[in-house]
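Following: one structure in structure tokens, then a few remarks.
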Amino acid sequence: MPFDIARTRAAYPALAEGFVHLDGAGGTQTAAPVIDAVADAMRAAVGNRSAAFAPGRRSLEMVAAARAAVADLLGAQPDGVVLGPSATALTYSLARTLGAGWRPGDEVVLSRLDHDANVRPWVQAAEAAGATVRWAEFDRDTGELPVDRYADLLGERTRLVAVTAGSNAIGTVPDVAAIAKTAHAAGALVCVDGVHSVPHGPTDLAALGADFLVTSAYKWSGPHLAAMVAAPATWERLRPAKLLPSSDAVPDRFEYGTPSFPLLAGVAAAVDHLAGLDPSATGSRRERLRAGLAAAQAYEEALLDRLLAGLAALPAVRVLGSPARRCPTVSFRLAGLSPQRTQEELGAAGLCLSAGDYHAYEYFQAMGLRDSGGAVRASIYHYNTAEEVDRLLAELDRLAADGGRMTG
Ligand SMILES: Cc1ncc(COP(=O)(O)O)c(C=O)c1O
């Protein structure tokens with residue numbers, strides 16, 4: 001059945017303000033059921049986690065519901081879901097924990113396509129342990145991350161491979177399953193950054209071959225919270241730094257302090273919202289998620305094709321990379337105008353796009369574009385429309401025509 005865009009947009013109250021949000025990669029607008037769930041949880045009597053009294057049981061239930069929801073979203077087990085404030089914080093925690101077991105001469109393999117959240121925590125953990133960082137280079141023209149490069153990078157000292165399932169800079173979807181297979185053959189663990197990929201299609205932890213997979217709910221209509229998933233047995237083997245009196249059970253062992261219970265209610269509501277994206281879908285929540293996200297993916301891909309074709313028709317626009325498999329995310333530069341000026345001009349016309357390096361530090365450094373302002377990013381989400389894509393293209397056309405008069 002065709003994706004019902006009017007129904008979808010009606011679920012996002014913020015869209016009524018009229019901005020064109022082409023920055024899903026920076027964070028999506030929040031779905032109404034999420035807002036309601038957070039508000040309801042804040043209005044309700046909630047105590048800190050305790051089975052002894054009803055408001056305490058309510059917070060226990062909120063934690064359990066958020067874990068169950070994230071598990072359905074990613075094909076994980078609820079006991080393998082660690083919740084935290086951000087993907088960055090969760091990855092730092094994991095890097096410190098794993099890094100404590102590394103020795104001089106051990107190696108980690110990182111990619112220059114990754115957001116810095118899946119780079120710097122590993123670089124710093126490696127430095128602290130005297131381990132060596134080896135880099136998987138992407139193809140500068142296509143933006144692909146060739147799997148065959150990994151064979152040369154991996155060896156018996158490789159402890160960890162960190163790789164993105166979707167580049168937040170240029171959208172590349174690397175063949176993570178093949179990379180993970182090579183990594184596992186060398187005995188290494190695999191940490192996959194799913195922050196940019198998870199909002200754009202069905203995700204399955206086992207199919208990716210990830211030992212650890214991280215996602216952020218604010219990139220898929222939810223609140224500013226994140227989750228890292230792994231098999232419970234994988235978490236069981238790890239000993240993070242933790243408070244003595246806090247629970248040593250998995251996954252609580254990896255969670256610091258008292259969580260934001262209302263935002264956890266929002267995470268569960270966001271997953272339910274995604275599971276309803278295809279109203280004709282039936283079955284378990286996991287099955288409805290697969291159907292809803294696949295429908296949204298097909299819709300987003302049509303918009304991406306329209307955007308890419310439109311950009312290709314503008315001679316003043318240079319699009320970075322041309323990966324075969326990609327999330328609906330495109331970085332570009334406009335001749336004669338810095339990314340920041342382009343962003344401001346678009347912003348003045350009501351279009352919200354990111355500019356700079358969006359923390360994809362290594363990518364822009366490798367491309368030699370960091371010092372000149374990075375790029376502008378158009379990132380499509382399932383509430384965007386063909387008209388919005390056309391508005392962006394028309395604005396860029398206008399800016400290109402004005403380019404002679406504007407500089408900087
Ligand atoms: C691909 C990717 N990884 C990691 C992050 C960091 O996520 P968080 O803000 O939850 O730390 C982002 C944020 O933009 C991202 O796009």
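In listed order, ligands and their atoms are each counted from 1. Predicted, not measured: the structure shown is a model, and the values here were computed from it.
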Mind checking side-chain hydrogen bond (donor to acceptor under 3.5 Å, both in side chains) for [X] and listing every partner two or more places apart, or none if nothing turns up?
X    : value
D36  : none
S86  : none
E255 : R67

Plane angle bin for Y358 and F364 - parallel if under 30°, tilted between 30 and 60°, otherwise perpendicular: perpendicular
Y381 and Y12 aromatic ring geometry - parallel, tilted or perpendicular at 30°/60° bounds: perpendicular
Short N or O separations between ligand 1 and the protein, below 3.5 Å:
| unit_1 | atom_1 | unit_2 | atom_2 | d |
| --- | --- | --- | --- | --- |
| ligand 1 | 3 (N) | D193 | OD1 | 3.3 |
| ligand 1 | 3 (N) | D193 | OD2 | 2.5 |
| ligand 1 | 9 (O) | Y218 | OH | 2.5 |
| ligand 1 | 10 (O) | A87 | N | 2.8 |
| ligand 1 | 10 (O) | S216 | OG | 2.5 |
| ligand 1 | 11 (O) | A87 | N | 3.3 |
| ligand 1 | 11 (O) | T88 | N | 2.8 |
| ligand 1 | 11 (O) | T88 | OG1 | 2.5 |
| ligand 1 | 14 (O) | K219 | NZ | 2.7 |

Taking S59 for the side chain and F261 for the main chain, is one N or O donor matched with an acceptor at less than 3.5 Å? no
